[in-house]
> 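I'd like to ask you about the structure that follows.
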Amino acid sequence: FPPASSWDAAYERELQTFEDIGDAGEIWFGEESMVRIIRWLEKQKVPLDSSVLDIGTGNGVLLIELAKTGYVNLTGIDYSPSAIQLSEKVREKEGMSNIKLKVEDFLAPSAELSGFEICIDKGTFDAISLNPDNAVEKRKQYVRSLCSVLKPEGFFLITSCNWTKEELLNEFREGFEILEELPTPKFCFGGRIGNSVTALVFQRK
């Protein structure tokens, strides 16, 4: 698992590239992972003024897509200042002034990070889980943080490439119940069909 400094370095490179050619860089899990999240929100008729937190926003592209869909109460956090700088540049280029961006460590969230109706995670829980330095405790802290920022009855949408549905159900059993599994691309290997990506929607109890 890359240390924080290499994430910063990666985002600094993307920042430079964006400044040079206006390309926001990589979209984690690809376009379809964003489409899947937005479709679910639309299908649930989640009001456009619902407060949404993107945990580990990276280049902020998911928030841009949500804003284009009509969502107006959007916040993105990332513990990498370079990622937040990059997402600010992307936000300016797209003219999306209703997106709030903050440097925050989700494992030690600030007091004002609370009361969200929807939390979205694409790959951040994965990254925390892969941290060789006390990963089990970090995962527990992640769940505690999630409970403190997400309102009761609020939705948590997680996209993971490291955890199966069963493992995620186990990780989030304290305080959350599963609403549904979102369809993800299937792959076939040695005659067995599997998913390389798991996408689940939880509701906070």
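Hydrogens, waters and symmetry mates play no part in the numbers below; they use all other heavy atoms, side chains included.
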> Donor-acceptor pair, Ser160 side chain versus Asp126 backbone, under 3.5 Å?
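Pair absent, no side-chain N/O of Ser160 close to backbone of Asp126.
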> Minimum heavy-atom separation for Ile64 and Arg91, please, with both atom names.
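Scanning both residues, the minimum pair turns out to be CD1-CA, 3.8 Å.
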> Nearest 0.5 Å, please: how far is CD in Glu104 from CD1 in Ile77?
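Those atoms lie 5.5 Å apart.
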> Should Asp121 and Thr159 be marked as a side chain to side chain contact (heavy atoms under 4.5 Å, CB included) after you check the CA-CA gap, both sets of side-chain angles, and the distance that decides it?
CA-CA 6 Å; Asp121 180 321; Thr159 305; over 6 Å; no
> Give me the atom names and distance for the closest heavy-atom approach of Leu48 to Thr69.
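Scanning both residues completely, I find the closest heavy atoms to be CD2-O, 4.2 Å.
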> Using the six-membered ring wherever Trp is involved, compare the ring planes of Phe172 and Tyr142 and label them parallel, tilted or perpendicular (cut-offs 30° and 60°).
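Perpendicular.
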> Quick check: do Asn73 and Asn98 have side-chain heavy atoms less than 4.5 Å from each other?
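They are not in side-chain contact.
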> In Å and rounded to the nearest 0.5 Å, what is the CE to CD1 distance from Met34 to Ile120?
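Separation between the atoms: 11.0 Å.
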> Determine yes or no for a side-chain-to-main-chain donor-acceptor pair under 3.5 angstrom, with Gln203 supplying the side chain and Glu177 the backbone.
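No; zero donor-acceptor contacts below 3.5 Å.
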> With a 4.0 Å cut-off on N to O distance, would you call Asp54 and Lys122 a salt bridge?
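No, Asp54 and Lys122 are not salt-bridged.
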> Could you grab the distance from atom CG of Leu113 to atom OG1 of Thr75, nearest 0.5 Å is fine?
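One finds 7.5 Å between CG of Leu113 and OG1 of Thr75.
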> To the nearest 0.5 Å, tell me how far Ile55 CD1 sits from Thr124 OG1.
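Result: 7.0 Å between the selected atoms.
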> Would you call the rings of Phe176 and Phe202 parallel, tilted or perpendicular if under 30° counts as parallel and over 60° as perpendicular?
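Ring orientation of Phe176 relative to Phe202: perpendicular.
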> May I have the list of side-chain donor-acceptor pairs in residues 143-158 shorter than 3.5 Å, sequence neighbours left out?
| residue | atom | partner | partner atom | Å |
| --- | --- | --- | --- | --- |
| Arg144 | NE | Gln141 | OE1 | 3.2 |
| Arg144 | NH2 | Glu137 | OE2 | 2.7 |
| Arg144 | NH2 | Gln141 | OE1 | 3.0 |
| Ser145 | OG | Phe106 | O | 2.7 |
| Ser145 | OG | Gln141 | O | 3.1 |
| Ser145 | OG | Gln141 | NE2 | 3.3 |
| Ser148 | OG | Ser145 | O | 2.9 |

> Taking all non-hydrogen atoms of both residues into account, name the closest pair between Lys68 and Met96 and its distance.
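Of all heavy-atom pairs spanning Lys68 and Met96, the closest is CG-CE, 3.4 Å.
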> I'd like to check Asp78 versus Val103 (side-chain heavy atoms, cut-off strictly below 4.5 Å). Are they in contact?
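A side-chain contact under 4.5 Å is absent here.
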> Do Ile84 and Lys102 pass the side chain to side chain contact (heavy atoms under 4.5 Å, CB included) test, and can you show the C-alpha distance, the side-chain angles, and the key distance before you say yes or no?
CA-CA 7 Å; Ile84 292 298; Lys102 295 177 184 162; 5.7 Å; no
> Pick from Glu174, Glu167, Arg173: which one makes a side-chain hydrogen bond (donor to acceptor under 3.5 Å, both in side chains) with Asn170?
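Checked Glu174, Glu167, Arg173 against Asn170; only one passes side-chain hydrogen bond (donor to acceptor under 3.5 Å, both in side chains): Arg173.
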> Just how far is it from atom CG of Leu169 to atom OG1 of Thr164, taken to the nearest 0.5 Å?
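So the gap between those two atoms works out to 8.0 Å.
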> Quick one: are Leu182 and Leu200 in side-chain contact, heavy atoms under 4.5 Å?
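No, every pair of side-chain atoms sits at 4.5 Å or beyond.
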> So do Thr198 and Leu168 actually touch side chain to side chain, heavy atoms under 4.5 Å?
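Yes; the side chains approach each other to less than 4.5 Å.
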> Contact between Leu130 and Asn162 at the side-chain level, heavy atoms closer than 4.5 Å - yes or no?
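Answer yes - side chains close enough.
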> Got a second to check how far Glu88's CD is from Asn59's CG, nearest 0.5 Å?
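Those atoms lie 13.0 Å apart.
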> Using a cut-off of 6.0 Å, state whether more than 12 heavy atoms not belonging to Lys100 lie near its atom NZ.
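Yes.
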> May I have the list of side-chain donor-acceptor pairs in residues 40-47 shorter than 3.5 Å, sequence neighbours left out?
| residue | atom | partner | partner atom | Å |
| --- | --- | --- | --- | --- |
| Trp40 | NE1 | Glu180 | OE2 | 2.7 |
| Lys43 | NZ | Glu180 | OE1 | 3.4 |

